[in-house]
Amino acid sequence: MNELMAAAKVPPLSNFPTVNNDRYFANHPTIKLIDQCSTPQHLNQIHAQMLRSGLFFDPFSASKLIQSSALSQFSTLHYAQKVFDQIHQPNLYSWNTLIRAYASTSQPIHSLAMFIRLLHECDEMPNKFTYPFLIKASAKLADLRLGKGIHGMVVKAGFSSDLFVANSLIHFYAECKCLDVACRVFSSMPERDVVSWNSMINGLAQNDCVDEALEFFHRMEAENMTPNDVTIVGVLTACGKKLDLKFGRWVHSYIEKNGITMSLILSNAILDMYTKCGSMEDARLFFDAMIEKDIISWTTMLAGYARLGNFNAARDLFDSLPSKDIAAWNALISAYEQSGNPREAIAVFNELQLSKAAKPDEVTLVSTLSACSQMGAIDLGGWIHVYIEKEGVRLNCHLVSALIDMYSKCGDLNKALVVFRSVDKRDVYVWSAMIAGLGMHGCGRDAIDLFMKMQEAKVRPTSVTFTNLLSACSHSGLVEEGREFFHQMGKVYKIMPSVEHYACMVDILGRAGLLDDAMELIQNMPMTPGASVWGAVLGSCKLHRNVDLAEHACNKLLEIEPQNHGAYILLSNVYANSGKWDKVSELRKVMRDVGLKKEPGCSSVEVNGIVHEFLVGDNTHPLSRKIYLKLDEMAGRLKSVGYVANKSQLLQMVEEEEMQEKALYLHSERLALAFGLITLGPSQPIRIVKNLRVCEDCHSVAKLVSKLYDREIVLRDRYRFHHFNEGRCSCMDYW
DNA sequence: TTAGGGTTAG
């Protein structure tokens, strides 16, 4: 300590003016020393010296110490708070410094607590510096009511036209997804700087309003406001979401032409744009030329390869990572999960668990739960739920939605409801996930009730909520209710129906046999009907055996998606249902000519945490012999109760009767069912996940088996859930 | 007498 003071040539305090004449303290050598401080020990020594000399009792000097301890790299906020608490009368600067520091932590709520203390304890009123920090904390908390309250105080205190205050308000409202209010703040500003524009552009881009974001960028240029690197990050985010590679390349050259500072963040944003737009070549070229790279650069590349299905390149990159943090693992897991490879996602999760290389975080758990949902892997999903509870992982709305989705999609609606009821904070995703869960299990009325409760809870529905709600109406045949919600969407909730909503509505009408109404709706659509709309028509035609309309819908569907084999299969089913076997063969030939193969049926069933998959006619399973014996036994018992195979949905025109029966008998869900009967205990439900829609014959078999073997069978097909119990199915034979 | 707001992955 003495050495330090000697080195700084600090004279004793008596040589300096006293507290009464504090204008000179800024030049006091001890205070100057604070700025040069670089270790916690130094800071400690200065703190001690200040206490000894009495300098600490000067508010200005104390505020310098607070600033250094709260905002520097080498000190902790905890220490700063302790120092603060020793100050007798901290000045506003000290209060602001702590409010600022807390706003940047993971617990911005402390900023609020300090603000309230400030109002009680400080002689001075909050000033124009206080509010931006406070608004930043509110933005981080995404607490709209809180932020609105602070906005009110800002107006009252007369700071609403302060540039910094207004900019933080724009950011805050965008963060709360209130883009209209953000825009209003922006428009009402007497002066704007580049940050005002950036906050708007980034806010819009983050909230998927990509065209609006780009519009702001062009407006900014037109108004001669020079964009900087942060602006371009927002523009690139928009490009990446627009999947517009051409524009992305233009932005890249814009950076070079306009001499915009190339920061690491900007470089990563460029990489991200290229990978999202699908050009790994551009991304790689840029990545290899980057002088400085961080973990984000690596994971962006990794996720890019994986998203495009180049898993070898992704894995190579992952293995060559200089250090793997949880984000790198998450990139690999979520890439597999999001590209429809849940099995691989789960394998990587298991690898992570075994290696103990990093601790799974909330993102890991959400991705893995989603992989479980896709696989129907309820054991692992349940294990993750236990893990969350055991490790005390904070259940945020993301995780809650993922759990509800997992339990719903794995067929355990009750568990999904238990999770839903156990939380008190429910955002729109949580409500929407639960509505979807009820819908897919055929509980349309409950889904509607829940939607009403959501209104009571004052949670605003989104476009996704309505998709789930309409789909719930469709699965339960609730035509009038569906119509009503469809109309309310735009009128009451100001959400314009998208092509997805139209598809749901067409589905609702079509399934109910109101094919004319469905076609009328399509004709009056304000946008071009997409594949989902024609798919819904085709599905309804299958149900109601309308050959002419099916042909029309199939043609339309193939115009949009020439490689859609589902379209051929459905049309073929329509022909078969009407006994038009010649048409079936013709169609089969067309499929062969265009090189399309029927996606092989695949069903899986989970036993003791291991998911067993079966293809049509599969005999590769180790227990294959036993499975086929069981199938024979099942066939015998089915026949004894008068079951006759329904062959109408066989794609192939198989000549011989016996062959036809064989083909049905070997359907993957039948194999999975037999395996479930062998391996699962009598009280355990058999949960099967099938990649295609279940055929009518297998549906009847499952109903009978549930009765004959006194088993609960839960079958998830491509479209919905079927709960078989005591000879009945929850879909009421309506799917 | 000190100062502030906006940015990249999953």
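Being a predicted model, the structure only gives us computed values, none of them experimental. Labels below follow one simple rule: chain letters A, B, ... track the order of the sequence lines, proteins then strands, and each chain is numbered from 1.
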NA contact type, [X], heavy-atom cut-off 4.0 Å: base, sugar-phosphate, or nothing?
X       : value
E362(A) : nothing
Y131(A) : nothing
D35(A)  : nothing
I170(A) : nothing
S199(A) : sugar-phosphate
D229(A) : nothing
K128(A) : base
R192(A) : nothing
D193(A) : base

Nucleotide nearest [X] when distance is taken to its side chain, options [options]:
X       : options                : answer
P132(A) : dG4(B), dA3(B), dA9(B) : dG4(B)
I296(A) : dT1(B), dT8(B), dA3(B) : dT8(B)
H171(A) : dA9(B), dG4(B), dT7(B) : dT7(B)
N96(A)  : dG4(B), dA9(B), dA3(B) : dA3(B)

**Study point:** Main-chain N/O of C209(A) paired with N207(A) side-chain donor or acceptor, under 3.5 Å
**Key:**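 No: the side chain of N207(A) does not pair with the backbone of C209(A).
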**Study point:** No-H, no-angle donor-acceptor pair, T300(A) side chain to dA9(B) base, under 3.5 Å
**Key:**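 Looking at the base of dA9(B), it does not pair with any donor or acceptor on the side chain of T300(A) (distance under 3.5 Å).
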Practice item. Kindly indicate whether the side chain of N91(A) and the base of dT2(B) share any N or O donor-acceptor pair separated by less than 3.5 Å? Key: yes
Check your understanding: Can you list, by residue number, the residues of residues 236-271 of chain A that have a non-hydrogen atom closer than 4.0 angstrom to DNA chain B?
Key ->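 Heavy-atom contacts with DNA chain B come from I265(A), N268(A).
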Practice item. Sequence neighbours left out, what passes side-chain hydrogen bond (donor to acceptor under 3.5 Å, both in side chains) with Q89(A)? Give chain and number order. Key: none
Review point. Once the angle between the rings of Y254(A) and W250(A) is folded into 0 to 90°, is it parallel (under 30°), tilted (30 to 60°) or perpendicular (over 60°)?
Key: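 If you compare the ring of Y254(A) with that of W250(A), the planes turn out tilted.
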Check your understanding: How are the rings of F247(A) and H218(A) set to each other: parallel, tilted or perpendicular (split at 30° and 60°)?
Key -> perpendicular
**Study point:** Under-4.0 Å side-chain N/O to phosphate OP1/OP2 contact, Q206(A) with dT8(B)
**Key:**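 True: Q206(A) side-chain N/O within range (under 4.0 Å) of dT8(B) OP1/OP2.
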Can I get a per-line list of side-chain donor-acceptor pairs under 3.5 Å for residues 143-150 of chain A, giving both atom names and the distance, sequence neighbours left out?
unit_1: D143(A); atom_1: OD1; unit_2: R145(A); atom_2: N; d: 3.4
unit_1: D143(A); atom_1: OD1; unit_2: L146(A); atom_2: N; d: 3.1

Check your understanding: So, do F129(A) and dG4(B) meet the stacking rule of ring centres under 5.5 Å and planes under 30°?
Key ->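 Check failed, F129(A) does not stack on base of dG4(B).
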Practice item. Please indicate yes or no: is the ring centre of F60(A) less than 5.5 Å from the centre of the six-membered base ring of dT2(B), with the two planes inclined by under 30 degrees? Key: no
Check your understanding: Is there a side-chain contact between N310(A) and M280(A) (heavy atoms, below 4.5 Å)?
Key -> no
Point to revise | Side chain proximity check, E281(A) to F286(A), heavy atoms < 4.5 angstrom | key: no
